Structure formats: C-alpha cells, structure tokens
Amino acid sequence: MTGTLAHLTLAFGLLGNIVSFMVFLSPIPTFYKVYKKKSTEGFQSAPYVVGLFSAMLWIYYALLKTNVLLLITINSFGCVIETVYIVFFLFYAPKKARMESLKLIILLIFVGF
C-alpha cells in the first residue's frame, strides 16, 4: 500500500470505529428509562441480541484476516456493551419477555454462532 492510501485507510477505519462506538451507545437513553421505571415497557431484546450476534460474527471474520485491529477492538466493545444491555433487559423484563429473549439468545448466540 502506498503511504497516502494507508493513511486514508487508517483515517476511515478510525472514523468507522467512532461512528460504531456511538451506535453501540445509542440505546443508553432507553435503558435509563427502563432503570427509572424498573420495567422494559414492551421493549424488545431482539435488537441487542442481533447486535451481539453481529459483533461476534465480525470478530470471527476479523480473526480470519490480517491487519484488522480496528475491527476487532470496536466489535469487542460491541460484544461487551450488547451483553450489558441484554443482562439489563433480562433483569427488568417480565417472565414471558425474559423467556422469549432467552430462546432468541440460545438460537442466535449458541446455535447460530
């Protein structure tokens, strides 16, 4: 790679990580509401389970490639934050929603991955 192309690749990689970081943190207001009301109020866990599954797949892909440190770091953060969201959701969800969430987690994370 030429010097300029390598710099552009790094710049866009960092920009992508910054945007992804903000996307991973975007549900914080929702979880603040859940915490304040001590209820998931009909929120679904599917976006967080799918987000975790996606981050895990990206890490798997990155492990097969070279020079993908940025991809590994942002998706590792994604796995951590999505797991926190899921645990938080399961803690405040009613039993029916908790069981549906656990089924989805088992299906996607354990069977799918």
Side-chain angles (χ1 to χ4, degrees):
M1 246 191 241
T2 65
T4 303
L5 184 58
H7 287 96
L8 283 174
T9 301
L10 178 63
F12 281 104
L14 288 171
L15 180 62
N17 273 17
I18 291 167
V19 171
S20 294
F21 182 78
M22 292 186 305
V23 168
F24 282 130
L25 294 180
S26 66
I28 287 177
T30 300
F31 282 95
Y32 182 72
K33 288 178 191 175
V34 168
Y35 172 75
K36 292 288 276 183
K37 295 186 177 185
K38 307 290 188 229
S39 170
T40 55
E41 299 182 319
F43 290 116
Q44 301 290 318
S45 66
Y48 314 109
V49 176
V50 171
L52 176 59
F53 183 65
S54 174
M56 290 170 66
L57 285 177
W58 276 110
I59 290 173
Y60 177 72
Y61 170 77
L63 292 174
L64 300 175
K65 303 301 242 171
T66 58
N67 298 326
V68 287
L69 181 63
L70 293 174
L71 196 57
I72 291 173
T73 56
I74 192 61
N75 285 292
S76 296
F77 173 75
C79 284
V80 170
I81 197 73
E82 295 294 343
T83 300
V84 169
Y85 292 152
I86 292 167
V87 168
F88 201 80
F89 180 90
L90 292 173
F91 184 77
Y92 287 109
K95 186 175 183 173
K96 182 179 179 190
R98 190 177 306 129
M99 290 299 122
E100 290 174 6
S101 297
L102 289 172
K103 287 178 191 175
L104 184 60
I105 291 166
I106 291 168
L107 176 68
L108 276 181
I109 306 303
F110 292 108
V111 176
F113 194 72

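As the structure is a computational prediction, the values presented were derived from the model and not from experiment.
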Handout entry: side-chain hydrogen bond (donor to acceptor under 3.5 Å, both in side chains) contacts touching residues 62-82 (sequence neighbours left out)
Key = none
Problem - Inter-residue atom distance Thr30.OG1 - Phe88.CZ, 0.5 Å rounding - result: 11.0 Å
Handout entry: Closest non-hydrogen atom pair between Ala46 and Leu104, with its separation
Key = CA-CD2, 3.6 Å
Exercise for the section: Would you check, one step at a time, whether the test side chain to side chain contact (heavy atoms under 4.5 Å, CB included) holds for Cys79 with Leu52? Expected result: CA-CA 5 Å; Cys79 284; Leu52 176 59; 4.0 Å; yes
Exercise for the section: Supply the atom-to-atom distance Leu64 CG to Ile59 CD1, rounded to the nearest 0.5 angstrom. Expected result: 12.0 Å
Handout entry: Cluster overlap Ile28 with Val19, hydrophobic side-chain contacts below 4.5 Å
Key = no
Practice task
Would you kindly confirm whether Phe31 and Ile86 end up in one hydrophobic cluster when ILVMFWY residues are joined by side chain heavy atoms under 4.5 Å apart?
Solution key: yes
Exercise for the section: Is it possible for you to say whether Val50 and Ile81 belong to one hydrophobic cluster, with membership spreading through side-chain heavy-atom contacts below 4.5 Å? Expected result: yes
Practice task
Scan Tyr85, Phe24, Phe43, Phe53 and name whichever one has a ring pair (Phe, Tyr, Trp, His ring centres under 6.0 Å) with Tyr48.
Solution key: Tyr85
List the atom pairs, with distances to 0.1 Å, where a side-chain N or O of residues 106-113 and a protein N or O form a donor-acceptor pair under 3.5 Å, not counting sequence neighbours.
none

Exercise for the section: With rounding to the nearest 0.5 Å, note down the distance linking CG in Leu70 to CD1 in Ile18. Expected result: 10.0 Å
Handout entry: Short side-chain to backbone donor-acceptor contact, Ser54 and Gly51, under 3.5 Å
Key = no
Exercise for the section: Would you indicate whether the side-chain heavy atoms of Phe89 and Val49 approach each other to under 4.5 Å? Expected result: no
Practice task
Taking the side chain as every heavy atom from C-beta outward, state whether Leu71 and Tyr61 have any pair of such atoms under 4.5 Å apart.
Solution key: yes
Exercise for the section: For Lys37, look at atom NZ and say whether over 12 heavy atoms of other residues, nucleotides or ligands are found less than 6.0 Å away. Expected result: no
Practice task
Please determine if Lys33 forms a cation-pi arrangement with Tyr35, meaning its NZ or CZ atom is less than 6.0 Å from the six-membered ring centre and no more than 45° off the ring axis.
Solution key: no
Handout entry: Cluster check Met99, Phe91: I/L/V/M/F/W/Y, side chain < 4.5 angstrom
Key = yes
Problem - Pairwise salt bridge (Lys or Arg N to Asp or Glu O under 4.0 Å) hits with a residue in residues 85-111, at least two apart - result: none
Handout entry: Verify same cluster id: Leu57, Ile105 (apolar side-chain graph, 4.5 Å)
Key = yes
Practice task
Any chance you could measure Leu90, atom CG, to Ser101, atom OG, to the nearest 0.5 Å?
Solution key: 5.5 Å
